[in-house]
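Below you'll find the structure, written out as structure tokens, and then a few comments.
Nothing here was measured: the structure is a model prediction, and the numbers come from that model.
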Amino acid sequence: MTPHKTASRADWLTARKALLAREKEHTRLKDDIAKARQALPWVKVEDSYIFETSTGQKSLSDLFGGRSQLITYHFMFGPDWENPCKSCSFWADSYAGLTPHLAAQDIAFVAVSSAPIARLLPFKARMGWDFEWVSSRGTAFNVDYDVGFGPDRPDDRHNSYNFGTMQNPHLDEMHGTSVFAKDDDGAVYHTYSMYGRGLDATNAAYAYMDLTPNGRRSEPPEGNPMAWLEYRDSY
């Protein structure tokens with residue numbers, strides 16, 4: 001623990017109320033951004049995609065499971081990788097018990113990786129996760145939603161991540177979240193995607209770390225900031 005200034009309770013309360021004003025401003029801005037996100041135009045999805053799941057093959061439309069909205073987490077686990085991404089596993093630990101609450105709001109949730117389903121399911125069992133995890137192996141799904149950067153990426157798709165903010169990613173897979181919706185006729189549309197640090201908002205552990213005095217100070221200032229991570233059963 002690094003040294004930190006101290007104060008009386010009264011002085012602390014004054015400082016805390018000043019911070020509260022900034023937090024409320026941030027909350028209002030966050031609400032405005034959410035409204036702008038929900039107002040984005042939709043792009044029709046022309047490819048049905050076929051995923052490997054624990055219960056057989058399913059199309060993207062099938063993954064909705066009767067709901068009108070679908071969130072997909074792009075979980076980094078390449079077809080030739082020995083192990084999945086530790087950072088994605090860190091995110092996935094936040095998803096315990098999430099599915100029923102989203103379903104109550106007409107939202108389905110799945111994680112998607114390009115590793116075969118036979119490699120996803122044992123790791124899912126090891127971690128005790130209860131969300132759906134499917135394989136996009138053999139489809140263009142990862143490339144089309146800009147998380148796939150392997151040798152099969154077409155030359156006509158620019159090799160950049162997070163809307164061009166990172167050129168030539170050093171991994172063949174990157175993480176992200178993409179959202180889809182169905183209209184009344186059952187057509188599927190892509191409505192939103194986010195990548196990189198945009199995903200921090202979906203990580204419960206980071207949200208709690210940021211409440212503490214040291215925050216994320218254990219993360220190295222250079223190189224991979226998440227080098228400290230292990231699978232939760234390996235610390």
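Taking the six-membered ring for Trp and thresholds of 30 and 60 degrees, Phe77 and Trp133 have ring planes inclined between 30 and 60 degrees apart.
For the atom pair CG of Leu199 and OH of Tyr73, the computed distance is 6.0 Å after rounding to the nearest 0.5 Å. Separating the CD atom in Gln57 from the CD1 atom in Ile117 is a distance of 11.5 Å, to the nearest 0.5 Å. Residue Glu25 holds its CD atom at 11.5 Å from CG of Leu20, rounded to the nearest 0.5 Å. With values rounded to the nearest 0.5 angstrom, Phe149 atom CZ is found 7.0 Å from Met174 atom CE. With rounding to the nearest 0.5 angstrom, the OH atom of Tyr206 is 7.5 Å from the CZ atom of Arg197. Here the CD1-CZ distance, from Ile33 to Arg28, works out to 13.5 Å after rounding to the nearest 0.5 Å.
Annotation: side chain of Arg67 is not in contact with side chain of Ile107 (no heavy-atom distance under 4.5 Å). With contacts defined as side-chain heavy-atom distances shorter than 4.5 Å, the pair Pro84/Met76 does not qualify. Under the 4.5 Å side-chain criterion, counting only non-hydrogen atoms from C-beta, Val179 is not in contact with Gln69. Side-chain contact between Val188 and Lys44 is absent, with no heavy atoms from C-beta onward closer than 4.5 Å. Under the 4.5 Å side-chain criterion, counting only non-hydrogen atoms from C-beta, Val45 is in contact with Leu60. Side chains of Glu132 and Thr53 form a contact here, defined as non-hydrogen atoms less than 4.5 Å apart. With contacts defined as side-chain heavy-atom distances shorter than 4.5 Å, the pair Lys58/Thr55 qualifies. The shortest side-chain heavy-atom distance between Asp146 and Phe163 does not fall under the 4.5 Å cut-off.
When the side chains of ILVMFWY residues are joined at heavy-atom separations under 4.5 Å, either directly or via intervening members, Val134 and Phe123 end up in two distinct hydrophobic clusters. Each of Tyr49 and Val147 belongs to its own hydrophobic cluster when Ile, Leu, Val, Met, Phe, Trp and Tyr are linked at side-chain heavy-atom distances under 4.5 angstrom. Both Leu70 and Tyr145 are assigned to one and the same hydrophobic cluster, defined by single-linkage of ILVMFWY side chains at heavy-atom distances under 4.5 Å. With hydrophobic clusters built from ILVMFWY side chains whose heavy atoms lie under 4.5 angstrom apart, Tyr95 shares a cluster with Tyr195. When hydrophobic clusters are built by joining Ile, Leu, Val, Met, Phe, Trp and Tyr residues whose side-chain heavy atoms come closer than 4.5 Å, directly or via intermediates, Leu120 is grouped together with Leu98.
At distances below 3.5 Å, not a single donor-acceptor pair connects side-chain atoms of Thr191 with backbone N or O atoms of Ala181. A donor-acceptor pair is defined here as one N or O able to donate and one able to accept, closer than 3.5 Å; no such pair exists between the side chain of Asn214 and the backbone of Arg217. Although no hydrogens or angles enter the test, the distance criterion places a donor-acceptor pair under 3.5 Å between the side chain of Lys124 and the main chain of Phe131. Of the possible polar contacts, none joining the Tyr192 side chain to the Phe180 backbone as a donor-acceptor pair under 3.5 Å is found. Proximity of a side-chain donor or acceptor of Ser94 to a complementary backbone N or O of Ala204 within less than 3.5 Å is detected. Side-chain atoms of Asn162 do not come within 3.5 Å of backbone N or O of Met166 as any donor-acceptor pair. Between the side chain of Ser89 and the main chain of Cys85, no donor-acceptor pair closer than 3.5 Å is present. Put simply, the side chain of Ser135 gets close to the backbone of Arg137: a donor and an acceptor are under 3.5 Å apart. Between the Thr139 side chain and the Ile50 main chain, no donor and acceptor come within less than 3.5 Å of each other. Put simply, the side chain of Asp32 never gets that close to the backbone of Leu29: no donor and acceptor are under 3.5 Å apart.
Glu230 CD: more than 12 foreign heavy atoms inside a 6.0 Å radius. Heavy-atom neighbours of Gln167 CD from other residues, nucleotides or ligands within 6.0 Å: above the threshold of 12.
Side-chain contact, Ser48 with Ser59: no donor N or O sits under 3.5 Å from an acceptor N or O. In this model, no donor atom of one side chain and acceptor atom of the other lie less than 3.5 Å apart for Tyr161 and Asn168. Side chains of His175 and Ser87: no donor on one and acceptor on the other come within 3.5 Å.
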Subject >> Residues His74, Ser178; criterion side-chain hydrogen bond (donor to acceptor under 3.5 Å, both in side chains); working and verdict >> reply: CA-CA 8 Å; His74 301 290; Ser178 292; 2.8 Å; yes
Original post:
Where do Asp144 and Arg153 land on the salt bridge (charged side-chain N to carboxylate O under 4.0 Å, His left out) test, with the steps shown first?
Top reply: CA-CA 9 Å; Asp144 288 349; Arg153 189 173 181 86; over 6 Å; no
Subject >> Asp200 vs Arg216, salt bridge (charged side-chain N to carboxylate O under 4.0 Å, His left out): CA-CA, chis, key distance, verdict >> reply: CA-CA 12 Å; Asp200 279 15; Arg216 307 184 196 183; 2.9 Å; yes
Original post:
After noting the C-alpha distance and the side-chain angles of Ile71 and Thr177, does the key distance pass the side-chain contact (heavy atoms from CB on, under 4.5 Å) rule?
Top reply: CA-CA 7 Å; Ile71 298 172; Thr177 292; 3.7 Å; yes
Subject >> Test log, rule side-chain contact (heavy atoms from CB on, under 4.5 Å), inputs Lys182 and Tyr189 >> reply: CA-CA 6 Å; Lys182 282 186 179 181; Tyr189 294 82; over 6 Å; no
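Here Trp12 sits in one hydrophobic cluster together with Leu13; the rule is ILVMFWY side chains under 4.5 Å apart, joined directly or through other members.
Taking both residues in full, the closest heavy atoms of Trp129 and Asp93 are given as NE1-OD1, 2.9 Å, listed atom of the first, atom of the second, then distance.
In summary, of the residues considered (Tyr235, Tyr231, Trp228), a ring pair (Phe, Tyr, Trp, His ring centres under 6.0 Å) with Phe90 occurs for Trp228 alone.
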